[in-house]
Amino acid sequence: MADLNPAQLAAVEAGDGPQLILAGAGSGKTRTIIHRIGHLISARGVAPHRILAVTFTNKAAAELKSRLSELIGDDGGGVVSGTFHAISLRLLRRYAEALAYPRSFQVIDADDQKALVKRILKQANIPADRLHPSFLLGWIEHCKHAGQTAEQAPACDWNGVDLRGLYSTYQQQLREHERMDFSDLILNCVLLMREHADIAEALQRRFDHILVDEYQDTNPVQHEWLTLLCAGHRNLTVVGDDDQSIYGWRGADIRHILEFERIWSGAGTHRLEENYRSTGAILDLANAVISKNEDRHDKSLRATQEQGLLPQWQVCNDEYDEARQIGTQLQAWRDAGYAWQEMAVLYRSNRQSLALEQILREQGLPYRIVGGVGFFERLEIKDALAYWALLNGCGDALQLMRICNRPKRGIGLKGQEQLAAQLSGSGLRAHEWLDLVAEGGVGGVAGKLAPLARLIASLRPQAGTLPDRGLMALLQESGYLDSLQAMGELEAASRIDNIHTLQRYIELTMEQEITPIEFMDRAALLQSGEEAGRDDENEESVTLMSLHRAKGLEFDCVVLPGVEEGLLPHQRALDDGEAGIAEERRLLYVGITRARRHLKLTTARVRRLFGETHYPLPSRFIKNLPPSMLQQDTPVATASAMQNNSGDMGVGSNVLHPSFGEGVIIDFEGSGDAIRVTVQFRKAGIKRLMLKYAALQAA
DNA sequence: GACCGCTATATTTTT
DNA sequence: TATAGCGGTC
């Protein structure tokens with residue numbers, strides 16, 4: 001451990017009791033956790049299986065495991081590590097019955113969850129304009145994040161609708177379908193411990209040490225989860241950075257890390273402030289930006305790398321100009337010897353990728369967009385998994401309903417209702433019921449399922465054996481694969497390709513001799529195809545993704561487009577007042593600190609969003625920075641601009657614009673070439689214009 | 001049951 | 001401005 005710095009070493013060797021490790025961006029956070037775990041095992045004699053390491057993503061959990069094995073060998077494998085959700089699910093599998101759930105319950109995904117809420121609202125005859133499904137779901141999630149069951153949730157009347165009642169209905173329906181949603185995984189674990197002292201005690205005795213990564217992102221129910229689990233020993237080590245708390249909108253409460261020392265009396269605090277990632281110039285900018293936030297642990301990153309080049313700030317004409325400038329910059333970095341995969345463009349809103357995509361394609365630069373529909377959320381993957389689950393004897397009613405008419409079997413909405421009623425009336429599990437159907441033991445519409453049921457019954461002996469040929473045979477012979485062809489050749493090919501990826505993943509995973517339901521758990525908790533064996537990470541291409549997705553990653557060269565008022569900070573965050581702006585500032589901080597060597601920020605003078613034209617001001621976050629921190633690069637605009645003599649105009653002047661018509665200036669800002677005016681147009685409303693480019697005339 | 005056209009909607013989305 | 005999903009109609 002000779003290569004740890006003093007602060008890291010102190011954190012690694014800190015004794016029992018609560019420990020807070022404030023780890024700035026690029027300060028060797030993961031190394032420190034791993035070494036601390038290693039220290040607990042080798043120096044303190046803690047048994048590996050009595051250590052629990054909690055993360056937020058599967059990727060982080062996997063990295064932890066592999067680096068731990070690297071450091072301490074086989075013992076690393078004994079450490080229990082996983083996401084909050086994965087660990088919770090494992091506990092719930094064992095104790096589900098205490099919550100009146102069958103042990104074979106499944107996890108419901110976001111799509112099915114939304115469909116369920118929609119159905120509930122429809123049944124209750126509540127139209128979307130009175131209560132929007134996503135609003136209801138958001139409210140329920142909010143309650144769950146706060147650790148509130150339907151009974152404990154606050155009474156809430158929305159347009160005469162009782163939200164708490166609907167929350168309760170939603171839970172009932174989930175239970176009837178034998179499903180839990182993602183938030184339930186955590187909340188139900190907490191309920192288990194709240195309501196069953198014996199289980200709580202057993203779980204509290206299970207681990208001697210708990211370590212949590214990305215602690216700034218914990219929400220109240222996760223906090224309670226941790227509090228309950230380590231109630232016996234209080235050996236809780238949390239690692240995080242309050243300056244990187246960007247999930248407040250998902251219920252994360254930054255106070256858990258800000259007030260850690262108050263919440264956990266006697267806590268030790270360790271600050272990791274030496275940054276091994278970025279150049280000094282990049283860190284100077286990061287520090288300058290984040291220091292404007294008020295509620296934060298006082299710390300600042302120190303560079304260990306060379307000072308490097310100043311980050312650049314470029315003002316562009318519009319989003320297409322911005323994209324072109326970015327393309328030029330990326331090419332310049334490439335010419336300087338950087339690989340494409342060492343570059344990233346990180347934006348606030350996914351919509352920003354549109355113009356970038358278009359221009360980068362025109363310029364012939366390789367890029368990949370991260371985001372969008374996750375692998376396991378794809379239609380064909382969900383279908384294939386439903387078939388697989390039914391084949392392997394763990395499918396449920398939702399899965400049967402999903403595939404009963406795919407391919408077309410002549411079962412319409414009415415038929416599906418009938419099937420659902422028959423199935424639930426039988427009291428059988430879906431696959432048992434299907435066997436009954438195969439034998440011709442069910443009448444009515446169910447008859448239309450008989451061929452499928454018989455096919456499944458005939459293939460079932462092949463299920464669970466390796467190599468697993470059952471699924472592909474089922475999809476082929478049931479006509480499912482053929483039904484994909486109806487979507488067009490290209491699309492069908494890509495979907496079938498995805499199914500083959502799934503097939504490989506199934507075989508790979510089943511080698512570990514896990515049960516079908518455990519396999520379904522993994523699929524439910526995984527979201528990307530990367531982990532499923534599709535590896536486009538190493539592709540030779542520039543990465544385009546949202547700032548949120550970029551947390552935890554690093555690149556040699558980073559571009560942050562759209563550093564503007566309205567986008568960063570986002571308009572919608574401004575409504576949340578100071579707290580909203582602080583989180584947006586942290587988002588910019590996260591973006592800046594992703595860069596190792598080169599950083600470029602851009603701003604557009606004109607940005608079209610949803611068909612509306614905006615004239616954004618540069619972000620407040622980069623205003624009033626010392627001029628030595630950013631190299632401003634503002635080329636002469638190419639727009640056909642009319643030169644105005646601003647001397648003729650001022651606040652109150654009447655003006656005329658060729659497309660917006662008559663208006664009056666209500667604000668004036670800037671000087672020289674950078675004058676912005678805010679104009680109240682009589683018909684077009686308030687617009688901000690760059691005087692130099694606006695064809696604005698004194699009227 | 002399929003198709004077409006209208007309309008609602010657009011911040012971020014670790015699980 | 002772009003798109004997905006829904007509802008109406010054939």
Side-chain angles (χ1 to χ4, degrees), chain A residues 54-61 82-89 107-111 113-115 118 122 127-129 132-134 137-138 141 144-145 180-187 213-214 216-219 221-222 244-252 319 346-355 357-358 370-374 376-377 379 405 408-416 486 521-528 531 545-553 562 566-576 580 583-584 586-588 590-591 607-614:
Chain A
V54 191
T55 62
F56 275 86
T57 66
N58 295 303
K59 211 171 150 188
T83 63
F84 274 103
H85 295 85
I87 295 163
S88 297
L89 182 49
V107 180
I108 193 168
D109 73 7
D111 274 344
Q113 196 185 11
K114 200 165 176 202
K118 277 187 180 168
K122 200 164 185 178
D129 52 6
H132 198 101
S134 54
L137 204 48
E141 290 279 289
K144 290 185 176 181
H145 289 154
M180 294 188 194
D181 66 25
F182 281 117
S183 310
D184 283 338
L185 298 180
I186 316 273
L187 179 56
D213 191 15
E214 304 281 13
Q216 75 280 355
D217 292 330
T218 48
N219 63 34
V221 73
Q222 287 161 338
Q244 293 186 65
S245 164
I246 55 174
Y247 281 99
W249 51 276
R250 276 198 119 193
E319 65 268 34
L346 311 176
Y347 34 76
R348 176 64 240 263
S349 152
N350 284 317
R351 197 153 296 265
Q352 287 171 262
S353 71
L354 268 164
E357 213 178 335
Q358 197 177 320
V370 180
V373 194
F376 287 95
E377 286 156 18
L379 182 102
N405 204 31
K408 309 248 154 13
R409 297 187 178 93
I411 304 171
L413 274 177
K414 282 256 164 66
Q416 287 179 31
D521 286 352
R522 295 207 191 182
L525 296 182
L526 236 51
Q527 44 100 49
S528 73
E531 291 114 303
M545 66 178 146
S546 71
L547 286 163
H548 284 89
R549 284 219 160 199
K551 199 184 63 168
L553 304 179
L567 212 45
L568 190 68
H570 197 278
Q571 191 56 46
R572 299 272 292 259
L574 297 176
D575 304 338
D576 294 345
E583 183 153 317
E584 296 288 304
R586 292 193 289 268
L587 212 39
L588 175 58
V590 167
R607 191 175 292 278
R608 279 162 292 255
L609 226 52
F610 309 135
E612 263 186 289
T613 308
H614 297 264

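Throughout, protein chains are lettered first and strands after them, A, B, ... in sequence-line order, and every chain is numbered starting at 1. Excluded from the calculations below are hydrogen atoms, water molecules and symmetry mates; all remaining heavy atoms, backbone and side chain alike, are included.
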Asks: To the nearest Å, how far apart are A/Ile186 CD1 and B/dT14 P?
Replies: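 Checked: the CD1 to P distance equals 15 Å.
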
Asks: Taking the ring centre of each residue, are A/Trp249 and A/His548 less than 6.0 Å apart?
Replies: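 Aromatic pair counts; centres sit under 6.0 Å.
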
Asks: Rounding to an integer number of Å, can you tell me how far A/Leu185 CG sits from B/dT14 C1'?
Replies: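 Taking atom C1' of B/dT14 as the reference, CG of A/Leu185 is at 14 Å.
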
Asks: Could you tell me whether the side chain of A/Phe56 reaches within less than 4.5 Å of the side chain of A/Gln222, counting heavy atoms only?
Replies: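 Result yes, sub-4.5 Å side-chain heavy-atom pair found.
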
Asks: Check every strand shown and say whether A/Gly410 touches a base, only sugar-phosphate, or nothing at a heavy-atom separation below 4.0 Å.
Replies: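 Result for A/Gly410 = sugar-phosphate.
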
Asks: A/Lys118 near the nucleic acid: base, sugar-phosphate alone, or nothing, with a heavy-atom cut-off under 4.0 Å?
Replies: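 Since only primed, P, OP1 and OP2 atoms lie under 4.0 Å of A/Lys118, the category is sugar-phosphate.
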
Asks: Within the 4.5 Å heavy-atom criterion, are A/Leu547 and A/Ile246 side-chain neighbours or not?
Replies: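 No, too far: nothing below the 4.5 Å cut-off.
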
Asks: From CD1 of A/Ile108 over to P of B/dT15, roughly how many Å is that when rounded to an integer?
Replies: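 Checked: the CD1 to P distance equals 18 Å.
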
Asks: Answer yes or no: is there a side-chain heavy-atom contact under 4.5 Å between A/Asp576 and A/Glu583?
Replies: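 They are not in contact (no side-chain heavy atoms under 4.5 Å apart), so the answer is no.
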
Asks: With the side chain counted from C-beta on, respond yes when A/Leu568 and A/Leu588 share a heavy-atom pair under 4.5 Å apart, and no when they do not.
Replies: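 They are in side-chain contact.
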
Asks: So do the side chains of A/Glu141 and A/Gln113 get within less than 4.5 Å of each other, counting heavy atoms only?
Replies: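 Yes, side chains in contact.
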
Asks: Could you tell me whether A/Ile411 contacts a base, only the sugar-phosphate backbone, or nothing, with contacts defined as non-hydrogen atoms closer than 4.0 Å?
Replies: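 Sugar-phosphate contact only - A/Ile411 comes under 4.0 Å of backbone atoms but never of a base.
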
Asks: Any side-chain heavy atom of A/Lys122 sitting closer than 4.5 Å to one from A/Lys118?
Replies: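 No. Closest side-chain heavy atoms not under 4.5 Å.
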
Asks: Which nucleotide span of DNA chain C, 5' end to 3' end, has atoms closer than 4.0 Å to non-hydrogen atoms of chain A?
Replies: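 Terminal contacting nucleotides, 5' to 3': C/dT1 to C/dC6.
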
Asks: If the C1' atom of B/dT12 is compared with that of C/dG5, how far apart are they to the nearest Å?
Replies: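 Here B/dT12 and C/dG5 have their C1' atoms 23 Å from each other.
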
Asks: For residues A/Arg351 and A/Phe610, determine if any side-chain heavy atom of one lies less than 4.5 Å from a side-chain heavy atom of the other.
Replies: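 Side-chain contact under 4.5 Å: yes.
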
Asks: Would you say a side-chain N or O of A/Lys408 is under 4.0 Å from OP1 or OP2 of B/dA2?
Replies: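 Indeed, a polar side-chain atom of A/Lys408 lies that close.
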
Asks: Starting at CG of A/Asp217 and ending at P of B/dT13, how long is that distance when rounded to a whole Å?
Replies: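 Computing the A/Asp217:CG to B/dT13:P distance gives 13 Å.
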
Asks: Round to a whole Å and report the spacing from CG of A/Asn219 to C1' of B/dT15.
Replies: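 It works out to 11 Å between those atoms.
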
Asks: Walk along nucleotides 7-12 of chain B from 5' to 3' and tag each nucleotide B, S or - by protein heavy-atom contact under 4.0 Å, base first, then sugar-phosphate.
Replies: --SBBB

Asks: What's the shortest heavy-atom distance between A/Gly82 and A/Ile87, and which atoms?
Replies: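 It is O-CD1, 3.4 Å.
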
